[in-house]
Q: 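Below is a structure I'd like to ask you about.
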Amino acid sequence: MRAIALLILCSSLLVSCNREQADRNSVESGNPSGDSLFVPPDTSTIPHNAAGDLIRYGRELLVNFPYYLGPKGKVGKYGGNGLGCQNCHLEAGTRPYGLNYFSAHARYPQYRAREGKVLTLADRVNNCVERPLNGRPLPLDSKEMVAIVTYMQWLGKGVPVGGNVPGDKLKEIAFLDRPADPVKGRAVYEIHCVRCHGDDGQGVLKQDGIAYVYPPLWGKLSYQPGSSMHRLIKSAQFIKYNMPQDIARWDKPVLTDEEAFDVAAYVNDDKLHDRPRPDLSGEYPVRKEKPIDYYWAPFADPFPQQQHKYGPFKPIIEWRKKNGHGTGY
Ligand code: HEC
Ligand code: HEC
């Protein structure tokens with residue numbers, strides 16, 4: 001109850017800053033398509049009061065998750081591996097096209113096809129804790145969950161309810177006319193990824209043994225099948241516009257579309273690389289809502305597993321459009 005009261009207090013204190021923020025949010029930020037990318041508020045504008053402390057704590061949890069809530073976390077043990085939110089949601093979830101949280105608060109509660117029901121933002125946070133972090137859900141009324149949701153709300157000030165803002169999703173990538181090729185992907189990996197993620201894809205753990213300098217990309221300590229990052233299109237989109245991490249950005253990608261698809265196929269290949277195996281049998285109760293690149297049978301369309309896994313995706317999209325099935329990915 002205390003946590004809920006805090007949340008309400010916090011929301012009402014934040015309202016006054018909304019207008020100013022909406023103006024700032026339209027600042028131009030070098031998007032080649034000409035749209036202004038959403039600019040999240042600066043951390044210096046977090047108020048110095050109880051509400052602000054909650055926002056700061058939420059941000060800190062998302063930046064340093066393993067230290068607080070990982071397997072060796074000092075506040076609680078919820079994460080099941082050493083991954084942290086920021087290994088994927090870059091720069092505390094503020095990076096355009098880098099799995100940011102810009103519109104997360106504005107778009108939840110939301111119907112989710114994977115569960116076949118409406119989830120709150122806190123439920124969605126727990127999805128990522130359970131998978132890719134292979135952990136167990138945080139209590140919904142814990143101070144930590146409230147802080148995380150409050151930070152996301154603060155970050156998305158000015159985003160219309162249920163709406164989107166430029167830069168919030170992963171950036172689109174042109175689909176290939178052939179299946180993605182893990183063998184070609186391996187060559188891409190050796191040129192562009194090995195220097196950080198390592199030959200064996202296991203990354204580099206910090207000296208304290210709690211969090212990663214470079215996260216693992218496969219293996220028992222990595223994300224599982226059924227995680228969004230394990231789907232080819234999402235993975236290729238993320239990689240193309242964010243990796244190699246030190247030089248690539250949405251406006252200066254290093255890889256071509258082909259290289260991004262091939263390396264994503266290599267990283268996510270189940271025959272080459274082991275991962276934890278969650279039970280996926282209850283996923284997507286409405287089969288025709290499965291994302292086109294979710295490759296766990298049964299399928300409501302006639303395409304084989306191999307094609308859902310590696311593409312080509314255009315024929316799947318065409319068939320699904322014609323037959324009134326979902327075309328999401
Ligand atoms: C291995 C990568 C990875 C890690 C680690 C990870 N996530 Fe995610 N997360 C994703 C992907 C991929 C999506 C799906 C984004 C999409 O649908 O475009 C996602 C989606 C989300 C969303 C929904 C965002 C929206 O706008 O719909 C939230 C909230 C979220 N993650 C929170 C977290 C939190 C909190 C943590 C840490 C406890 C975390 N994630 C860890 C990859 C990751
Ligand atoms: C300069 C070092 C570096 C290089 C090179 C690099 N990465 Fe990363 N990668 C990182 C770091 C660091 C993160 C965690 C995010 C962060 O801290 O910004 C990351 C995160 C990731 C993630 C999401 C987290 C996870 O555990 O899955 C994927 C996927 C990924 N990298 C794939 C690649 C691929 C594929 C390449 C080659 C095209 C590549 N990276 C090249 C440093 C690097």
Side-chain angles (χ1 to χ4, degrees), residues 31-35 88 96-99 103 107 110-114 116 164 166-189 192-193 217 223 225-243 248-273 280 283-329:
N31 182 8
S33 71
D35 289 343
C88 296
Y97 305 111
L99 289 175
S103 56
R107 296 186 62 79
Q110 175 188 123
Y111 172 80
R112 303 289 302 164
R114 192 176 105 177
N164 281 105
D168 62 352
K169 299 184 179 164
L170 286 171
K171 201 166 163 63
E172 289 300 334
I173 172 172
F175 291 155
L176 309 186
D177 291 319
R178 60 162 173 88
D181 180 347
V183 176
K184 287 190 177 148
R186 180 179 192 144
V188 176
Y189 186 85
H192 294 285
C193 320
L217 300 187
Y223 58 85
S227 307
S228 302
M229 193 58 100
H230 192 244
R231 293 190 351 231
L232 192 75
I233 301 172
K234 276 215 193 304
S235 168
Q237 290 177 319
F238 174 83
I239 291 168
K240 167 149 184 197
Y241 294 107
N242 297 290
M243 291 292 144
R249 242 178 45 152
W250 70 91
D251 54 353
K252 47 181 177 80
V254 170
L255 306 184
T256 62
D257 294 341
E258 280 192 274
E259 288 171 329
F261 267 113
D262 290 339
V263 80
Y266 173 67
V267 165
N268 289 310
D269 191 288
D270 302 306
K271 293 199 191 82
L272 298 170
H273 303 138
L280 300 176
E283 311 260 280
Y284 298 95
V286 183
R287 270 181 215 167
K288 63 180 186 179
E289 293 177 351
K290 279 189 184 180
I292 57 175
D293 55 346
Y294 181 94
Y295 63 91
W296 303 96
F299 304 107
D301 61 39
F303 297 93
Q305 181 179 41
Q306 197 68 1
Q307 191 162 351
H308 287 288
K309 184 169 172 182
Y310 293 126
F313 295 105
K314 284 182 223 165
I316 303 183
I317 294 179
E318 277 162 33
W319 186 94
R320 289 210 186 176
K321 269 194 190 143
K322 224 185 279 162
N323 292 278
H325 291 211
T327 55
Y329 49 85

Q: What's the spacing between E289 CD and R114 CZ if we round to 0.5 Å?
A: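 Going from CD on E289 over to CZ on R114, the span is 14.0 Å.
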
Q: Nearest 0.5 Å, what's the CH2-NZ distance between W250 and K171?
A: 10.0 Å

Q: Are the side chains of V263 and C193 in contact, using a 4.5 Å heavy-atom criterion?
A: yes

Q: Within the structure provided, determine whether Y329 and L232 are in side-chain contact (heavy-atom separation under 4.5 Å).
A: no

Q: Give a yes or no on whether the backbone of H230 and the side-chain of S227 come within a donor-acceptor separation of less than 3.5 Å.
A: no

Q: Taking E283 for the side chain and L280 for the main chain, is one N or O donor matched with an acceptor at less than 3.5 Å?
A: no

Q: Below 4.5 Å, heavy atoms only, C-beta onward: do L255 and H192 meet side chain to side chain?
A: yes

Q: Should the pair K271-D269 be classified as a salt bridge under the 4.0 Å nitrogen-to-oxygen rule?
A: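 The answer is no: the pair does not qualify as a salt bridge.
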
Q: Assess, by modelled atom type and distance only, whether the side chains of N268 and Y223 contain a donor and an acceptor separated by less than 3.5 Å.
A: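 Checked: N268/Y223 side chains pair up, N/O donor to acceptor below 3.5 Å.
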
Q: With side chains defined as the heavy atoms from C-beta onward, is the minimum distance between H273 and V267 less than 4.5 Å?
A: no

Q: For the residue pair F299 and Q307, establish whether any side-chain heavy-atom pair is separated by less than 4.5 Å.
A: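 No, every pair of side-chain atoms sits at 4.5 Å or beyond.
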
Q: Just jot down the side chain to side chain contact (heavy atoms under 4.5 Å, CB included) partners of R186, sequence neighbours excluded, or say none.
A: E190, Y266

Q: Which residues pass the side chain to side chain contact (heavy atoms under 4.5 Å, CB included) test with P298, not counting sequence neighbours?
A: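 Scan of P298 (side chain to side chain contact (heavy atoms under 4.5 Å, CB included), adjacent residues dropped) gives R287, K290.
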
Q: Just how far is it from atom CG of D181 to atom CG of L176, taken to the nearest 0.5 Å?
A: 10.0 Å

Q: Which atom names give the shortest non-hydrogen contact between A236 and A264, and what distance separates them?
A: N-CB, 3.8 Å

Q: Please list, chain by chain and in numerical order, all residues satisfying side chain to side chain contact (heavy atoms under 4.5 Å, CB included) with N164, sequence neighbours excluded.
A: S103, R107, D168, K169

Q: Scan side-chain atoms only and decide if Y295 and D270 contain a donor-acceptor pair under the 3.5 Å cut-off.
A: yes

Q: Calculate, to the nearest 0.5 Å, the distance between atoms CG and OH belonging to L170 and Y241 respectively.
A: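 One gets 10.5 Å once the value is rounded to the nearest 0.5 Å.
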
Q: If I take atom OG1 from residue T327 and atom CD1 from residue I292, how far apart are they, to the nearest 0.5 angstrom?
A: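 If we round to the nearest 0.5 Å, T327:OG1 and I292:CD1 are 7.0 Å apart.
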
Q: Show me the donor-acceptor pairs, under 3.5 Å and distance only, between side chains in residues 311-318 and residues at least two apart or in other chains.
A:
unit_1 : atom_1 : unit_2 : atom_2 : d
K314   : NZ     : D177   : OD1    : 2.6

Q: I need the minimum non-hydrogen distance between G116 and P285, along with the two atoms involved.
A: CA-CG, 3.8 Å

Q: Inspect the contact between D262 and R178 and indicate whether a charged nitrogen and a carboxylate oxygen are less than 4.0 angstrom apart.
A: yes

Q: Decide yes or no for Q237 and Y97: does some side-chain heavy atom of the first lie under 4.5 Å from some side-chain heavy atom of the second?
A: no

Q: So, do I173 and F261 sit near enough that their side-chain heavy atoms are less than 4.5 Å apart?
A: yes

Q: Can you confirm whether K288 sits close enough to N323 that some side-chain heavy atom of one is under 4.5 Å from a side-chain heavy atom of the other?
A: no

Q: Could you tell me which residues satisfy side chain to side chain contact (heavy atoms under 4.5 Å, CB included) with R231, sequence neighbours excluded, listed by chain and number?
A: S228, K234, Y284, P291, D293, Y294

Q: Please check if the distance between the ring centroids of H308 and W296 is under 6.0 Å.
A: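 Between W296 and H308, which both carry aromatic rings, the centre distance is not below 6.0 Å.
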
Q: Quick one: salt bridge (Lys or Arg N to Asp or Glu O under 4.0 Å) pairs with a partner in residues 319-329, sequence neighbours left out?
A: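 Non-adjacent pairs meeting salt bridge (Lys or Arg N to Asp or Glu O under 4.0 Å): D301-R320.
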
Q: What's the shortest heavy-atom distance between A300 and W319, and which atoms?
A: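 That would be O-CH2, 3.8 Å.
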
